Amino acid sequence: MNTTLSLLTRNVRGVLAASAAFSVMATAPVYAQEAEESAKAEDFEQIAVVGSRAAPRSVADSAVPIDIISDEEFKQQGATDMVSMMQTVVPSFNVNDQPINDASTLVRPANLRGMASDHTLVLVNGKRRHRSAVITFLGGGLSDGAQGPDISVIPAAALKQVEVLRDGAAAQYGSDAIAGVINFVLSDASEGGTFEARYGSYYEGDGDMIQLSGNVGLPLSENGFLNLSAEYRTADDTSRSVQRDDAAALVAAGNTFVADPAQIWGSPEIKHDIKLFANAGIELSATSEAYMFGNFAEREVEGGFYFRNPHNRGGVNDGGTNADGEQLLLVGDLTGDMSGNCPTDIVVGDNVLTNPRYISEVANNPDCFAFNEILPGGFTPRFGGTVTDMSLVFGTKGELDNDITYDVSLNLGQNEVDFAISNTINPSLGPDTPTSFSPGRYTQSEQTLDIDFTKPFDVGLYEPLFVATGFQYRNESYESVAGDTASYEIGPLATQGFGIGSNGFPGLAANSQGRVSRNNIALYVDAEAYITENFMLAGALRYEDFSDFGDTTKGKIAFRWQALENIAFRGAFSTGFKAPTLGQSNVRNVTTAFGTGGQLIDRATLPPTDPVSQLKGGEQLTPEESESITFGIVADFENGLFITADYYNIELTDRISTASGIALTEDDIAALIAQGINDASSFQEISFFTNDFDTTTEGVDVVANYSMEMMGGETKFSLAYNWTSTEVDRASDNISAERIRMLEDNLPAVRYSATANHTNGDWRFLARLNYYGSIFEDHLDSALPIDKVGSEFTVDLEVAYNFTEEFTVTVGAKNAFDEYPDENTQYAGIAGSLYPTTSPIGINGGFYYLRGVYSF
């Protein structure tokens, strides 16, 4: 049966409400007038199950702001990955490119209502989605250290609609729902399907993308459905780089081995991206049904990294300086007894390759070695990995006696990232080093049991009081597996000043691997009712107890008041929390980043309870706590104009993030080595997760829609507007001034899009104007401030033609007029980045695409 429409029973204030049988939030029977048989199909598109465990409510009828995005809206844009698609259609959802940004290259962090990527709870068919194993150690400031779900593994072909609850909802759904909730609703069609082929490329002639996707609905006996979806995508990398000044100087001095550009800034290469989803349901009896859905996805990504200068790369070529301050070359002695008498005073000059002493005493001396012999132009690692994601959810739901509905489900999820780095070395191994490494693997696993009940009570109000209660048990684990031996091995040259481990991303050592786990239980109660015909009141209370840090209780109250026939007011107050993740509490990682002096350094991220972290202020992590207020107005006019405007204010205390890099002393390094972290001699800085700052974020969301007949067809107009402001109210010394500025100003304060979608016969024309306000960028986390990245407009255009009822061809362009952000005029030469890398419009320019869709 079609479970989405299985319990259609009433019209709430003129808007249909439909029960979605797959969702834990939509199990209650509904009491009111019978829905008119003549109701239009599009009415169903405006029904959401997220935000209320009573009757599913429409966008206009909800007490909290909700966006509902149909599958068609996702298809009508140039973006192909789910994160970018969401940014186009949700006003307060922001994401930017992450070139050369460590693990963020694999899973891009996204931000809802100015919060970090793990402040948004993600659901699929109403069930909690597991986290990604990727921790975004370099998350562009706001999301530094975040560990949220990877929504890129969800193919658009699998979706019926997406519901975005823009309100604090931790009291309803648990940890992480501080910014809101995103519920991906899978297609439940039992017949028909689509096949889509898409090709796209950037105007610059790079980044070629090919995507194939399909969806098919099948009957599962006479009373059920099986819906299957698949997507395959590949994409070439892009480059928006200029030659670094130091690389250009090497070339000018005669070093012909330096690549141009030596360092590439752009989108990473997607070698393959496979996504499979299945959704099934079957009626067991007249009052019960079973459901199951799950996915498998695998994505292999490889991107650029920082250039290693062959004269001064620490632990590779840097031999210190002489009394005159001249740069010396690091030379290793390959003899077992240090009898090579290798020089330690060779001045690199402009080009060490032409230095006669280097040629005679090193390059032609089998007892001595410098990496310039095998890497004369330096080197630039390629970093990436493979992300594997899978889940399975199955359960049963139905109605018992006395109008009690139930939903019992088991949810299994796992995400794994297997890092890879190539075109690099383990310097301590000298000339015997491999050039490709597997630095380690991280796995996030979660198992969740949900038991939920809902019942209406007639207590003399205008409508029955809907009460929902339930229990949740969740177990999660985070496992780190050591890299291949060469990625962390301490080679024979380690004692001579050469670095240890795969340069750029040293492997996780065998003595640092392990598995940690925890469990938590939750109990909740929700209540909701129309007190009078025009006034609805709702409340929620949730208790959670975590095995690793204790318990917490959170609450929420919301209202909706139909003040006039076409005007309603709504609002909510809630308290929320986000538990520290197991990864944040326990992960060990080393990455290459720009230090505060503008030089590349190796920065180790240690557990906050590590003795060295504690010396620098590290403490056991505690949950983030929030207080959230939302107040808005809904206007639904008879002429078809529909407007919502909502103000929100989120006070978040004890926020979790990585500390700014903290320099290590000789004593610190000795303490690390004493712990068995033998590669600590390669570290210049450490970082750790900390609860070291508080913020206040406020903003306004405005959404408007209007349809009219014009030029012989129908045109739908829509506006999505967001203003967001964040202020850091408290910060410890571990949070630098530049980091505070990034937290406050790295997202555009104002962003909006205005769309016109015109249909005329077999033709469809779409135009979308996007505006992104100015931002601040702390370039490369290196205290090289670009004071302002200016505001930008971009335009998206699309034309579609239906050749037959089954076959449609679409031609379009994203950023059609090829707009770029302000160029890096002062700092481009330092790292070779032509544009600010976190610009909200991206750094790649215009993108054109061709799409063909066959429906059956």
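On a predicted model such as this, the values are computed, not experimentally measured, just so you know.
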Quick one: list whatever passes salt bridge (Lys or Arg N to Asp or Glu O under 4.0 Å) with [X], sequence neighbours left out.
X	answer
Asp167	Lys556
Glu624	none
Glu625	Lys554

Donor-acceptor side-chain pairing of Asn844 and Ser267 below 3.5 angstrom:
yes
I'd like to know if the side chain of Gln444 and the backbone of Ser132 have a donor-acceptor N/O pair within less than 3.5 Å.
no
Partners of [X] by ring pair (Phe, Tyr, Trp, His ring centres under 6.0 Å), sequence neighbours excluded?
X	answer
Tyr202	Phe847
Phe277	none
Phe569	Trp561
Tyr771	Tyr752, Phe793

All side chain to side chain donor-acceptor pair (under 3.5 Å) counterparts of [X], not counting sequence neighbours:
X	value
Arg113	none
Thr644	none
Ser574	none
Ser84	Asp81, Arg108

Is the Tyr835-Tyr820 ring centre distance short of 6.0 angstrom?
yes
Any salt bridge linking [X] with [Y]? Criterion: basic side-chain nitrogen under 4.0 Å from a carboxylate oxygen.
X	Y	value
Arg730	Asp692	no
Arg131	Asp176	yes
Asp71	Lys160	no

By side chain to side chain contact (heavy atoms under 4.5 Å, CB included), which residues pair with Gln77, not counting sequence neighbours?
Phe74, Ala79, Met85, Thr88, Val89, Arg768
Go through it in stages, so that I can follow the logic: the residues are Arg166 and Asp67, the test is salt bridge (Lys or Arg N to Asp or Glu O under 4.0 Å), and I'd like the CA-CA distance, side-chain angles, deciding distance and then a yes or no.
CA-CA 8 Å; Arg166 293 179 277 110; Asp67 296 312; 2.7 Å; yes
For a side-chain contact (heavy atoms from CB on, under 4.5 Å) check, start with the C-alpha distance between Val185 and Asn125, then their side-chain angles and the critical distance, and finish with the verdict.
CA-CA 5 Å; Val185 182; Asn125 279 356; 4.2 Å; yes
